[in-house]
**Q** 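First the structure, then my questions, so here it is.
Numbering of residues begins at 1 and proceeds along the displayed sequence. Values reported hereafter were calculated over all heavy atoms of this structure, with side chains retained and with hydrogens, waters and symmetry mates removed.
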Amino acid sequence: MRRMRRLPLALTVLAGGLARLARLARLTRLTRLTCLTCLTCLTSLAPAAASKTASAAASASPSPLQFSRCRELAQFECATLAVPLDRSGAIPGTIDIAIARRLSAATPSASAVVALAGGPGQPALPLAPYFAQAVAPALRTRDLIVFDQRGTGESDPLTCPVLAPGGAVGIHTLGGLVRRCGEQVGPARTGYSTAESVQDIEAIRQAAGYEKLVLYGTSYGTKVALQYAETYPSHVEALLLDSTLPPEGEHPFNVASFEAVKRVLAELCEKRACATISHRPLREFDRLAKRLRAAPLHGTIYNGAGRREHATLTEGGLFEILLAGDLNPALRAMMPAAVQAALHSDGAALLRLKLLSEGLVPSLPRRSPPQQSAEEVNTALLIDTTCEDTAYPWNRRSPPAVRLSEAERALRAIPAGQLRPFDTETALGDGLTAGCADWPYTTARTPVNGPLPDVPTLILSGAADLRTPTSNAREVQRMIRGSQLLVVPHTGHSVLGSDFSGCAKAAVEAFFQGSSVLRCAPTQNLFSPTPKIPDSLREVSEVRGLRGRPGRTLMAVLQTMVDLDRQVIGATLQADASLPSGSSFGGLRSGYAKITRRAVRLHDFSFVSGVALSGVFPVRRGRLGPATIDVGGYAAARGDVRLANGRATGALGGHHFDLQIAHAKIASAPSGGQWPSLSLEELPHPTLPRLSPLSRLP
């Protein structure tokens with residue numbers, strides 16, 4: 001391995017924050033599609049504060065919790081529990097754990113469900129209503145306990161001044177930033193391990209008076225749940241694990257994720273779904289990864305003002321797009337066509353996909369600055385827990401440079417086939433390995449030991465999940481006798497939050513009724529791969545009934561509108577929120593489209609080179625109204641197209657037409673499948689897709 005590794009763009013320290021850490025925080029969220037409805041239940045979280053300095057020793061019997069009505073959470077009561085920062089007593093101080101409880105009856109039940117968020121670093125209290133919905137079958141006879149784990153949300157959130165806007169001045173590497181963060185936290189940094197969170201759960205159980213717990217965790221929350229089950233097996237009634245990590249946590253180089261790439265892409269292209277895009281989509285993906293290894297992809301994209309901007313994609317960036325697809329199925333659906341185009345010297349779609357995965361598409365109105373989500377991962381806690389917990393292949397007493405060399409040596413020992421189509425540089429650059437090599441360790445890592453209890457266990461895994469692939473779930477299933485594993489097709493990370501089929505929800509119902517969980521019925525991929533991207537009008541088919549250039553131009557008009565619809569859906573999913581009025585999207589080839597609550601305005605907006613659309617669609621009740629589009633561009637048959645009442649009428653190149661849009665046969669992948677549509681007003685529950693303003697032509 002070359003010692004002078006290329007530094008991915010996302011590792012660069014930027015004014016206002018680190019893009020790399022922001023990406024890591026985004027990708028550890030619990031759910032993308034449903035938890036947003038919970039955010040209105042909370043106001044802003046408590047301001048960041050360091051843990052208290054008052055000395056406190058660990059207590060074997062915490063004082064009973066004093067619950068009172070929550071100010072922001074309806075049907076929940078709230079309390080705080082002071083726990084030691086360091087139960088060994090070496091470091092003084094306490095942490096106030098913020099807890100919310102929903103009773104199943106007038107008095108507390110004998111057992112409770114404890115819901116654990118992802119991360120590490122994701123607050124759980126903002127998700128309390130979602131948790132109640134997700135595990136409703138378990139709550140008929142059990143209370144629900146939700147708490148912000150130490151250092152997150154309202155439980156004395158951990159802070160590193162270096163992570164604040166402008167705080168990283170003079171720091172140019174992720175390792176330097178991680179080291180400075182650890183120094184700023186000080187000796188207390190050893191108090192934010194998963195093992196300490198496990199002890200917090202036990203303290204909550206004792207203080208609340210419960211005999212046993214049902215532990216429900218998602219992603220990192222499954223690691224906490226499993227470690228609690230190892231440590232306190234007699235207090236565990238059942239386990240519900242969604243998007244599972246093994247008890248010891250992720251592999252330092254996320255080998256299982258790399259091994260799952262080909263399987264996930266194969267599922268996306270199953271049943272010849274990619275046949276019109278490429279005869280060998282997996283081989284093309286391999287070819288592109290090798291090409292990016294040799295040299296990054298450079299090109300231009302059009303921003304929300306229709307201006308050209310330079311963009312770059314590396315091999316590591318390609319893997320990041322894949323990972324983002326775990327939480328945004330629209331990204332992954334657009335990937336095969338973008339990869340195929342990039343291999344044929346047309347990188348525009350892939351570069352646009354990169355920016356979309358980073359949340360940089362669309363351009364947002366200046367009057368609507370980005371707002372911090374109440375569920376946002378605490379980056380300081382993410383760094384601290386990851387560095388302290390992970391079994392990196394180095395001696396913690398070694399200097400940082402030696403640690404990194406030891407990691408590289410261990411990485412070279414991994415067979416290349418386990419990482420293919422990516423290389424060792426991508427594996428080392430993913431996650432926080434390169435940064436944690438600089439972490440200021442003061443203690444040795446405590447290994448996790450002990451068998452898991454044979455308790456009723458349901459494990460949910462998304463077949464399209466790269467972050468916590470199904471191989472993790474199978475490993476945990478082998479550890480727990482009698483456990484049940486449900487693999488949900490065409491579903492990524494956080495199964496209960498992203499399964500459109502309802503299979504996972506039915507499995508939870510059956511599990512808590514004591515019934516066997518049934519396999520998911522075969523389903524169609526709702527986010528089917530998007531069709532091949534035309535580079536020119538010559539590659540566009542004619543509309544039936546209108547031949548030659550006018551017919552190809554009309555088809556290009558319809559394809560342009562469909563492409564805009566897909567960008568809106570992808571951006572809405574990526575943003576975890578509705579798009580603010582005034583959001584604008586650059587065209588693939590030129591121009592822009594601006595979307596407000598009252599209109600969609602196109603200005604030389606182009607998806608096919610040489611065909612540009614201008615016009616205004618009124619928006620009424622979340623649907624596009626009839627509009628007349630001016631069609632121009634050097635390749636187009638110029639004229640006007642009116643879209644109204646399911647018909648396209650007008651004249652192009654002097655040829656008049658009046659056609660039903662449904663008969664146009666707009667290009668689609670063989671799997672067909674209308675994408676689930678999203679309203680600009682709000683995201684839907686997965687099982688209740690809404691119509692997008694752009695999902696149907698007027």
Side-chain angles (χ1 to χ4, degrees), residues 7-29 39 42-51 119-123 126 148 151-186 188-189 192 303-304 309 311-312 317 320 324 354-387 429 431-432 434-436 438-440 571 574-577 579-580 582-583:
L7 195 64
L9 178 63
L11 293 184
T12 304
V13 179
L14 303 174
L18 278 173
R20 174 64 168 169
L21 292 176
R23 181 188 73 83
L24 289 171
R26 286 198 302 271
L27 298 183
T28 52
R29 288 179 186 164
L39 299 184
L42 290 179
T43 58
S44 60
L45 296 178
S51 33
Q122 183 183 40
D148 285 344
T152 69
E154 296 183 353
S155 295
D156 290 344
L158 193 63
T159 60
C160 289
V162 72
L163 299 176
V169 174
I171 298 177
H172 303 289
T173 66
L174 180 60
L177 181 99
V178 168
R179 180 179 65 254
R180 185 66 183 133
C181 179
E183 293 169 347
Q184 290 176 341
V185 174
R189 58 183 172 268
Y192 294 93
N303 64 22
E309 292 185 355
T312 303
E320 289 178 6
K354 171 184 180 286
L355 297 181
L356 182 61
S357 72
E358 294 174 346
L360 300 179
V361 173
S363 299
L364 300 179
R366 291 183 179 180
R367 64 181 181 274
S368 300
Q371 295 182 352
Q372 184 175 12
S373 169
E375 58 163 303
E376 188 169 328
V377 168
N378 181 305
T379 308
L381 193 283
L382 170 68
I383 293 173
D384 191 316
T385 304
T386 301
C387 292
L432 280 172
C436 287
D438 282 75
W439 181 253
Q574 192 65 22
D576 263 348
L579 302 180
S583 297

**Q** Determine whether a donor-acceptor pair (N or O, by modelled atom type, separation under 3.5 Å) exists between the side chain of Thr385 and the backbone of Leu382.
**A**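 It does not hold such a pair.
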**Q** Check for a donor-acceptor pair, side chain of Gln122 on one end and backbone N or O of Val377 on the other, with a separation under 3.5 Å.
**A** no
**Q** Could you tell me which non-hydrogen atom of Ile171 sits nearest to which non-hydrogen atom of Gly176, and how far apart they are?
**A**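 Closest heavy-atom pair between Ile171 and Gly176: CG2-C, 3.7 Å.
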**Q** Please examine the side chains of Val178 and Leu174, heavy atoms only from C-beta on, and report whether any two atoms are closer than 4.5 Å.
**A**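 Answer yes - side chains close enough.
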**Q** Flag the pair Thr386 / Trp439 as yes when at least one side-chain heavy-atom distance between them is below 4.5 Å, and no otherwise.
**A**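 A side-chain contact is absent here, since even the closest heavy-atom pair is not under 4.5 Å.
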**Q** Can you give me the closest heavy-atom contact between Pro365 and Ser583, atom names plus distance?
**A** CD-N, 3.9 Å
**Q** Can you pull out every salt bridge (Lys or Arg N to Asp or Glu O under 4.0 Å) where at least one residue sits in residues 163-180? Sequence neighbours excluded, please.
**A**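 Matches after skipping sequence neighbours: Arg179-Asp438, Arg180-Glu183.
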**Q** For the atom pair OG1 (Thr379) and CD1 (Ile383), what is the distance rounded to the nearest 0.5 Å?
**A**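 Interatomic distance, Thr379 OG1 to Ile383 CD1, rounded to 0.5 Å: 6.5 Å.
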**Q** Over all heavy atoms of both residues, which pair between Val361 and Ala571 is shortest? Give the atoms and the distance, please.
**A**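 Nearest pair, atom of Val361 first, then Ala571: O-CB, 3.6 Å.
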**Q** Examine distances only and state if a side-chain atom of Thr152 and a backbone atom of Gly121 form a donor-acceptor pair shorter than 3.5 Å.
**A** no
**Q** Looking at Ser357 and Gln574, what are the two nearest heavy atoms and their distance?
**A**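 Closest approach of Ser357 to Gln574: O-NE2, 2.6 Å.
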**Q** Just by modelled atom types, is the Asn303 backbone N or O under 3.5 Å from a matching donor or acceptor in the Ser363 side chain?
**A**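 Such a contact is absent between Ser363 side chain and Asn303 backbone.
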**Q** Answer whether the closest heavy-atom distance between the side chains of Arg189 and Pro440 falls below 4.5 Å.
**A** yes
**Q** So do Leu364 and Pro580 actually touch side chain to side chain, heavy atoms under 4.5 Å?
**A**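 Answer yes - side chains close enough.
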**Q** So, using salt bridge (Lys or Arg N to Asp or Glu O under 4.0 Å) as the criterion, who are the partners of Asp384 when residues are at least two apart?
**A** none
**Q** Considering all heavy atoms of both residues, which atom of Val185 and which atom of Cys160 are nearest to each other, and what is their separation?
**A**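 Minimum heavy-atom contact is CG2-SG, 3.6 Å.
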**Q** Tell me whether Asn378 contacts the main-chain N or O of Gly151 through its side chain, where contact means a donor paired with an acceptor under 3.5 Å.
**A**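 Yes, the answer is positive, given that a donor and an acceptor are paired below the 3.5 Å cut-off.
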**Q** When rounded to the nearest 0.5 angstrom, what is the spacing between OG1 in Thr159 and CD in Gln184?
**A** 8.0 Å
**Q** My understanding is that only residues two or more places apart in sequence, or in another chain, count here; which of them pass side chain to side chain contact (heavy atoms under 4.5 Å, CB included) with Leu360?
**A** Leu355, Glu358
